[in-house]
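Just so it is clear, the model here is predicted, and its values are computed rather than measured. In this chain, residues are counted from 1 in sequence order.
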Amino acid sequence: MNAMPACPQCGGEITYPDGDNLVCAECGHEWPVAGDANAGQAGTPPRDSNGNVLADGDNVVVIKDLKVKGSSIPLKQGTMIRGIRLVDDDPEHIEGNSDKIKGLVLKTCFLRKA
């Protein structure tokens, strides 16, 4: 039988699996079996709303009007973001500049590759 790891919260030895989590019978603490929940995301490449893989220097287009924090100018649908930069360890965000707004951080689900 495989030895179950001790509880990271209380150090209890009585733990059991429950779906994708491990549960401590002593304190009730639950944690994922695979360790860090975000560990699987680090290796996935960033993708646009259509599923195309994005890379540094790509041009993307905004697919819906977006409010921009700190600016009174919204980012309109069809706005081109040229020369994007990928954010390290976060496949859901990119950095880029539009013609009117500089220093944007955008979610990839609102973009499509140009």
Side-chain angles (χ1 to χ4, degrees):
M1 184 171 158
N2 293 340
M4 300 301 285
C7 175
Q9 188 170 15
C10 72
E13 298 286 328
I14 306 171
T15 59
Y16 61 92
D18 183 25
D20 291 336
N21 292 332
L22 291 173
V23 180
C24 176
E26 296 177 25
C27 69
H29 178 67
E30 295 185 21
W31 69 98
V33 173
D36 187 11
N38 293 330
Q41 291 184 355
T44 60
R47 297 182 179 270
D48 69 357
S49 61
N50 295 331
N52 298 319
V53 177
L54 298 173
D56 279 333
D58 284 346
N59 295 333
V60 294
V61 177
V62 178
I63 61 170
K64 69 177 261 185
D65 291 353
L66 299 173
K67 293 180 183 178
V68 179
K69 289 184 181 181
S71 176
S72 61
I73 303 169
L75 205 55
K76 295 286 189 178
Q77 178 180 352
T79 302
M80 176 76 74
I81 308 294
R82 299 181 191 279
I84 65 169
R85 292 175 305 280
L86 302 179
V87 177
D88 292 336
D89 300 328
D90 191 1
E92 293 184 11
H93 292 91
I94 59 107
E95 297 175 350
N97 298 321
S98 71
D99 293 336
K100 296 180 181 178
I101 305 171
K102 307 296 180 207
L104 292 168
V105 176
L106 299 166
K107 287 190 151 231
T108 57
C109 62
F110 299 119
L111 306 171
R112 71 174 166 82
K113 198 170 186 175

- Task: Return the minimal non-hydrogen interatomic distance between Cys24 and Cys27, and the atom names on each side.
- Result: SG-N, 3.5 Å

- Message: Show me the pairs that pass salt bridge (Lys or Arg N to Asp or Glu O under 4.0 Å) and involve residues 96-108, at least two apart or across chains.
- Response: Glu92-Lys107

- Taking every heavy atom of Ser72 against every heavy atom of Pro74, the minimum-distance pair comes out as O-CD, 3.5 Å

For residues 7-23, dump all side-chain donor-acceptor pairs below 3.5 Å to protein atoms at least two apart in sequence or in another chain.
from	atom 1	to	atom 2	distance (Å)
Gln9	OE1	His29	ND1	2.9
Thr15	OG1	Pro5	O	2.9

- Listed by chain and number, what are the salt bridge (Lys or Arg N to Asp or Glu O under 4.0 Å) partners of Glu95, not counting sequence neighbours? Arg85

- Item | Shared hydrophobic cluster for Ile84 and Leu104 (ILVMFWY, side-chain gaps under 4.5 Å) | yes

- Mind checking whether Ile101 and Phe110 sit in one hydrophobic cluster, side chains of I, L, V, M, F, W, Y counted as touching below 4.5 Å? yes

Below 3.5 Å, can you tabulate the donor-acceptor pairs from side chains in residues 51-69 to any protein atom, sequence neighbours excluded?
from	atom 1	to	atom 2	distance (Å)
Asn52	ND2	Asp48	OD2	3.4
Asp56	OD1	Leu86	N	2.7
Asp58	OD2	Ala55	N	2.8
Asn59	OD1	Gly83	N	3.0
Asp65	OD1	Gln77	N	2.7

- Consider only side-chain heavy atoms of I, L, V, M, F, W and Y, link residues closer than 4.5 Å, and tell whether Ile73 and Val105 are in one cluster. no

- Minimum heavy-atom separation for Ile81 to Ser98, with atom names? CD1-CB, 3.8 Å

- Task: Measure the NE2-SG distance between His93 and Cys109 for me, rounded to the nearest 0.5 Å.
- Result: 8.0 Å

